[in-house]
There are 2 protein chains.
Amino acid sequence: MDDGDARMKARVTVMLKDGVLDPQGEAIRHALGTLGFQGVAGVRQGKVIELDLDEGASEDKVAEMCERLLANTVIESYRVEMV
Amino acid sequence: MDDGDARMKARVTVMLKDGVLDPQGEAIRHALGTLGFQGVAGVRQGKVIELDLDEGASEDKVAEMCERLLANTVIESYRVEMV
């Protein structure tokens, strides 16, 4: 049973593009200030999606998943890492 | 104006701990199958939080932010990278 060896992992990070308002990030920045943390100039929040893939999956295939489902490319950018 | 030089960036990744049910990840896995993507064995979704910090901020300080606000350490684990 070394079925586990036949797996790959991809990590997709999806962030709002620069210039797109990020109210969640802004709320975190404000909350950190309220808790007494100084020196936080800005916060952006995004998503990270970890995919367990069968062997042979390509970065191109994961990019296609991003384009079709994982990211809204009008307002979000994504980054794919195979890990 | 090289105020930008005096900035640091921290990236915090917050994921549900293993064993904690992840309905968002499960929904993504199902949707990828519906779209015809084969070979996706599992999906976990988490958050990524990018912090713009004034110079001198330490990883310890960011870890404290995670403990107090950014992660629910009962069900979530976090990872801090200074970038």
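Excluded from the calculations below are hydrogen atoms, water molecules and symmetry mates; all remaining heavy atoms, backbone and side chain alike, are included. Order of the sequence lines sets the chain letters (A, B, ...), proteins ahead of strands, with each chain counted from 1. From a predicted model like this one, the values you see are computed outputs, not experimental measurements.
Taking the side chain as every heavy atom from C-beta outward, B/Glu76 and B/Lys47 approach each other to under 4.5 Å.
With a 4.5 Å cut-off on non-hydrogen atoms, A/Gln38 does not touch chain B at all. Neither the backbone nor the side chain of B/Ala57 has a heavy atom closer than 4.5 Å to any heavy atom of chain A. Both the backbone and the side chain of A/Lys61 have a heavy atom closer than 4.5 Å to some heavy atom of chain B.
Other residues, nucleotides and ligands place more than 12 heavy atoms under 6.0 Å from the NZ atom of B/Lys17. Counted within 6.0 Å of CD on B/Gln24, heavy atoms from surrounding residues, nucleotides or ligands total 12 or fewer; the atom is thus considered open. Atom CD of B/Glu64 has more than 12 heavy atoms from other residues, nucleotides or ligands within 6.0 Å.
For the options A/Asp54, A/Val12, A/Leu53, A/Val48, heavy-atom pairs under 4.5 Å to chain B are most numerous at A/Val48. Highest contact tally toward chain B, considering only A/Ile49, A/Leu70, A/Val14, is held by A/Ile49 [criterion: heavy-atom pairs under 4.5 Å].
A/Met15 and B/Leu51 are assigned to two separate hydrophobic clusters, defined by single-linkage of ILVMFWY side chains at heavy-atom distances under 4.5 Å.
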